[in-house]
Amino acid sequence: MPSAIVTGATGILGREIVAELGRSPQRWSTIHALSRSKKDQYPENVVHNHIDLTASAEEMAKELKGIEAEYIFFAAYLAKDSEEEATKINGDMLENFLKALVLTDASKKIKRVILTTGAKQYGVHLGVPKNPMEESDKWLSDSDRPPNFYYRQQEILFKAAKEQGWEWVVTYPNDVIGVAKGNFMNLATSLGLYAAVTKQMGDELMFPGSPGFYTRFDCFTYSRLHASFNHWAALEPGAANQAFNVVNGDVESWQNMWPKLAKKFGSKVPENMFEKEDKDGIDKETGSVMELMPNPPLSEFAAECGLKGSKVLGPSRVEQKIDLVKWSQRSDVKDAWQKLAKREGLDESAFEGATWGFLGFVLGRNFDIVISMSKARKLGWTGYQDSWEALSECLDELVPEKVLPRF
Ligand SMILES: NC(=O)c1ccc[n+]([C@@H]2O[C@H](COP(=O)([O-])OP(=O)(O)OC[C@H]3O[C@@H](n4cnc5c(N)ncnc54)[C@H](OP(=O)(O)O)[C@@H]3O)[C@@H](O)[C@H]2O)c1
């Protein structure tokens, strides 16, 4: 029976990979869950080991003594303020970890390394992408683009695989719906807290993001579906040395999910949410507008698609009708949270720890994000998840965690 090593074992994606493999003791003898902190209780076939991936390869090799596996799942991540810093640190973490496994000789046992990256592969953070996004799309190469840490990580992976003779798989999830504590990008927790506090304040549930995006399309990744994809891709012979989009398989929009969210929290959606913005634009006091790159990712495909000079190329923006960072800092909002937390016995630190900037970004982009699952489906992947049901399940899980009040 094979064993596995999972880095980022406490993260929103990594913890589900640990749980997924841990549920199959007949298939996985040992799963080494690696991170600095330990946040979960594990079944018998899971062993937690401490590791600091920012250490040198030599230091890491000491922590990795006696730890080896056929399958390595790399889902660790450290957020940084700039893309340059993120590229340096996240690239170094992967590179030094792989070097450490060479130092301990564990690399000789490896069959496949599965690296989690994301849809920033296609520049969804830079402006309107080419839709739908396909794995065969060329990598973005305009010289004025910021570095992309996924590109560096993949280059490190490809080189090490060639030198050491193992196989690789890369996943591209997008806008992850899942449950984790104290992580960097957490859609469900922030969204649930926004809805709960708005209700506590006696207000209807206003969509805080881009008026245009409300009726556009996004593709989400349920963290558990991503974990079962990792499990499948590790063992599927045809997945060797391939990168895959991993999204739920439905295409969603907030015009469909927002009323469901309001209903879940016992709130109502205002009837005329965008009347004012349609006439006057976004109020800069309470909202915000951030311009993205003038040459969005789609511009690199424009000539071949016949879209050169077209108005679909821009401008790409992040528009927030209610800027969520400013909103979360308002004293009336903080007071409402305090009252709610006290009354319902909630974890008071949950509000501060929510990722307001990330949620504002996810809801604020003014362009469609449509991601193709055809490549994996052609290879036999049949996984599917209804995105609203995923979000609803995660919100339910946050109730016993004392993050959200009872519904
Ligand atoms: N979340 C999303 O919405 C989303 C969407 C698309 C793509 N992605 C991508 O998915 C990948 C995983 O991200 P995530 O959101 O799952 O991350 P996350 O929830 O923030 O978790 C990060 C994990 O990395 C570990 N880690 C961080 N620094 C470490 C260090 N110095 N040494 C050892 N472990 C360390 C953390 O554990 P400790 O802190 O306990 O060490 C934690 O387990 C990233 O490439 C991310 O860009 C995420």
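We count ligands from 1, going down the list as the structure has it; atoms in each ligand are counted the same way.
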What residue and atom, counting heavy atoms only, is the protein's closest point to [atom], and at what distance?
| atom | result |
| --- | --- |
| atom 48 (C) of ligand 1 | Met185 CE, 3.6 Å |
| atom 22 (C) of ligand 1 | Tyr77 O, 3.5 Å |
| atom 21 (O) of ligand 1 | Gly11 CA, 3.1 Å |
| atom 30 (C) of ligand 1 | Arg36 NE, 3.4 Å |

N/O separation below 3.5 Å, [X] to ligand 1:
| X | answer |
| --- | --- |
| Gly8 | yes |
| Asp52 | yes |
| Leu53 | yes |
| Gly118 | no |
| Phe149 | no |
| Ser37 | yes |
| Ala180 | no |
| Tyr150 | yes |

Ligand-side contact atoms (ligand 1) for residue partner [X], heavy atom cut-off under 4.0 Å:
| X | value |
| --- | --- |
| Ala75 | 12 (C) |
| Ala9 | 43 (O) |
| Thr10 | 36 (C), 37 (O), 38 (P), 40 (O), 42 (C), 43 (O) |
| Thr54 | 31 (N) |
| Ala76 | 24 (O) |
| Ile51 | 32 (N), 33 (C) |
| Phe184 | 20 (O) |

Quick one: does NZ or CZ of Lys120 land under 6.0 Å from the six-membered ring centre of Phe149, within 45 degrees of the ring axis? no
Lys130 to Tyr122, cation-pi by 6.0 Å centre distance and 45° axis angle: no
Before you tell me yes or no, could you show the steps for Phe367 and Phe213 under ring pair (Phe, Tyr, Trp, His ring centres under 6.0 Å), namely the whole-Å CA-CA distance, both residues' side-chain angles and the distance that decides it to 0.1 Å? CA-CA 6 Å; Phe367 44 85; Phe213 189 54; 7.5 Å; no
Taking C-beta and beyond as the side chain, do Leu307 and Phe301 meet within less than 4.5 Å on heavy atoms? no
Do Trp388 and Phe220 make the cut of ring centroids closer than 6.0 angstrom? no
Within the 6.0 Å centroid threshold, strictly below: Trp381 and Phe244: no
Does one side chain, of [X] or [Y], offer a donor that lies under 3.5 Å from an acceptor on the other?
| X | Y | value |
| --- | --- | --- |
| Gln385 | Arg224 | no |
| Lys326 | Ser288 | no |
| Glu70 | Ser3 | yes |
| Glu59 | Ser56 | no |
| Asn131 | Asp368 | no |
| Ser210 | Asn366 | no |

Measure the spacing between CD of Gln242 and CG of Leu379 and express it to the nearest 0.5 Å. 7.0 Å
Using the salt bridge (Lys or Arg N to Asp or Glu O under 4.0 Å) rule, take Asp92 and Arg152 through it: C-alpha gap first, then chi angles, then the decisive distance, then the call. CA-CA 9 Å; Asp92 287 357; Arg152 178 160 180 237; 2.9 Å; yes
Best match, [options]: closest heavy atom to [atom]:
| atom | options | result |
| --- | --- | --- |
| atom 16 (O) of ligand 1 | Leu13, Thr171, Val247 | Leu13 |
| atom 19 (O) of ligand 1 | Val176, Val6, Ile12 | Ile12 |
| atom 9 (C) of ligand 1 | Thr117, Thr116, Val18 | Thr117 |

Heavy-atom distances under 4.0 Å decide this one: backbone, side chain, both or neither, for Leu78 against ligand 1? side chain
